[in-house]
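Counting begins at 1 with the first residue of the sequence. What you are looking at is a predicted structure, and each value in this text was computed from that prediction instead of being measured.
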Amino acid sequence: MKKTFIWTLALTGILAGSCTKLEPEFYSQVTPENFFQSEKDILAALNRPFTHANWYLGEDRWSLQEYTADNFAITTKGRHWYNGGENERFHYHKWTPDEGWIWGTWRGTLMGVALALDTRSDLEKLDYSRFALTPADKDAHINQLNTLMAYFYLRGLDYFGGMPIFNSLDQESLPRNTDEEVFKHIESILKEAMTKLKKKNGGETEEGVLKQAAAASMLAQLYFNAEAYIGKPMYQECLEVSKAIINNEYGFYALDDNWSGPHSFTNDRSPEVIWSSPSQFNRLQYNWFYSRFYHYNSRQYFNTDMGADNGTHLTPSRKPDGSLYKNVFSLGSPFETFDDGDLRKNLTAFWETVAMRVCLLQVRTSALLEK
């Protein structure tokens, strides 16, 4: 960004030939001191770490969890997708510390913590009364950021175990804390946040704001996996937190009357959604995830410009000769586990339904565009 410097010199200093200390005055530089002029600016800063969380949910993170498990795989197709043996190494659990997915996840996790810490540092210094906001508003904002950090540490604990615990951006090159220390750090953040975040009222729309139930849900997940994380079963604690969420102790939530409610164009009004990731890109937004599954010609079939990489698919249930893999390994074969009445096992009916839904989607899209 081009910066303009205005230098002010004392005339007497010039005439006397003396050396004068010059202080630059920045007119095109944004700093915490001059950025915050309204509540809108506070929300802009608050939301920045959440855009990172939206990115973090997919790509390398999804790949590490799914391609190393039983349901999905990326197999080599001709000259495509061998990728130096990367996909095979993850599928057969032979990865190394040098893998890009692993490095990207480690970096992405700590970057999420750093972004939240950076924003928290700025907001903590603000006098919220200048913006007609209350101390409770400030507490909610700070604890949203704390909860977001807990989310990143929760994911890091799941991927890597112990991670370095940062409490400020002044710390550098910290050693990794133990699994138990990270577990307790997450637990303490979430317990405090559950008392300081706002509750969701009945009928409120979801706009990506972390509320009490979101922190409670993360705590329930932490307890559910405690035996794997720290060798201590905490299923009773998980049950108690989960029941409190169901009983609306942390805000009003309920199962949606429509099974597609949490996935529709109006899912911000679904009572089932506890934490959403907002997007104003467009109502037909798609991302990398879908393109991995689509065949190269899918864009022609669906008449869209979406990516189509012909990569990911279910792990095979049958060998090329048609016999089942179940005698070779006990896990996997996801398609074979579908109910025989599942529409996807009747290919003719399945594609007729897909074609019908594509037509309905195009009609709905046209109606939205006309609005």
Under 4.5 Å between side-chain heavy atoms, counting indirect links through other Ile/Leu/Val/Met/Phe/Trp/Tyr residues: same cluster for [X] and [Y] or not?
X	Y	value
Leu169	Met149	yes
Leu57	Met218	yes
Leu46	Leu126	yes
Ile274	Met194	yes
Phe90	Phe160	yes

Is there a donor-acceptor pair under 3.5 Å between the side chain of [X] and the backbone N or O of [Y]?
X	Y	value
Glu181	Thr178	yes
Arg176	Gly162	yes
Lys345	Phe338	yes
Glu192	Ile189	no
Asp137	Leu133	no
Gln212	Leu197	yes
Asn71	Leu314	no
Ser260	His263	no
Trp275	Lys211	no
Lys138	Glu124	yes

Step through it carefully: locate the ring centre of [X], locate the ring centre of [Y], and say whether they are under 6.0 Å apart.
X	Y	value
His185	Tyr153	yes
Phe36	Phe131	no
Tyr159	Trp106	no
His80	Tyr296	yes

Task: Test ring-ring contact (aromatic ring centres under 6.0 Å, His included) applied to Phe50 - qualifying residues, sequence neighbours left out - done: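 Listed in chain order: nothing, the list is empty.
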Open item on the list: Among Tyr67, Trp62, Phe335, exactly one meets ring-ring contact (aromatic ring centres under 6.0 Å, His included) together with Phe72. Which residue is that?
Closed with: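 So the option named by the test is Trp62.
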Open item on the list: As an exercise, state the distance from CG of Asn47 to NE2 of His141, rounded to the nearest 0.5 Å.
Closed with: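 Reported value, rounded in 0.5 Å steps: 9.0 Å.
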- [ ] Kindly compute the distance separating CG (Asn258) from CD (Glu272), expressed to the nearest 0.5 Å.
- [x]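 So the CG of Asn258 and the CD of Glu272 are separated by 10.0 Å.
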Task: Over all atoms of both residues, closest heavy-atom pair of Phe35 and Ala44 - done: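 For Phe35 and Ala44, the tightest heavy-atom pair comes out as CZ-CB, 4.4 Å.
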TODO: Of all the heavy-atom pairs spanning Leu210 and Leu148, show the shortest one and how long it is.
DONE: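 Nearest heavy atoms, Leu210 then Leu148: CD1-N, 4.0 Å.
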- [ ] Is it possible for you to check whether Arg61 lies under 6.0 Å from the centre of the six-membered ring of Tyr56, through NZ or CZ, and within 45° of that ring's axis?
- [x]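 Yes, Arg61 sits over the ring of Tyr56.
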Open item on the list: Do the side chains of Glu204 and Arg269 get close enough for a salt bridge, i.e. N-O under 4.0 angstrom?
Closed with: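 No, Glu204 and Arg269 are not salt-bridged.
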Open item on the list: Under a 3.5 Å threshold, yes or no: a donor from one side chain and an acceptor from the other, between Glu88 and Tyr82?
Closed with: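 Result is no, nothing qualifies.
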Task: Any residue meeting salt bridge (charged side-chain N to carboxylate O under 4.0 Å, His left out) with Arg318, in chain and number order, not counting sequence neighbours - done: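 Arg318: salt bridge (charged side-chain N to carboxylate O under 4.0 Å, His left out) contacts with Glu336.
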Task: Residue pair Arg130, Asp127: steps toward the salt bridge (charged side-chain N to carboxylate O under 4.0 Å, His left out) verdict - done: CA-CA 6 Å; Arg130 285 177 47 211; Asp127 177 6; over 6 Å; no
TODO: Determine, stepwise, if the pair Tyr235 / Phe224 fulfils side chain to side chain contact (heavy atoms under 4.5 Å, CB included).
DONE: CA-CA 6 Å; Tyr235 299 109; Phe224 184 80; 4.3 Å; yes
Open item on the list: Is there a side-chain contact between Ser333 and Thr315 in this structure, where contact means two heavy atoms from C-beta onward sitting under 4.5 Å apart?
Closed with: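 Sidechains of Thr315 and Ser333: no contact.
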Open item on the list: Is there a side-chain contact between Ile165 and Leu174 in this structure, where contact means two heavy atoms from C-beta onward sitting under 4.5 Å apart?
Closed with: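 No - every pair of side-chain heavy atoms lies 4.5 Å or more apart.
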- [ ] Please assess Asp60 against Thr105 for the test side-chain hydrogen bond (donor to acceptor under 3.5 Å, both in side chains), listing each intermediate value before the final yes or no.
- [x] CA-CA 6 Å; Asp60 291 353; Thr105 298; 5.0 Å; no
Task: Sequence neighbours excluded, every pair satisfying side chain to side chain donor-acceptor pair (under 3.5 Å) that has a member inside residues 90-101 - done: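 Listed by first then second residue: Arg89-Glu99.
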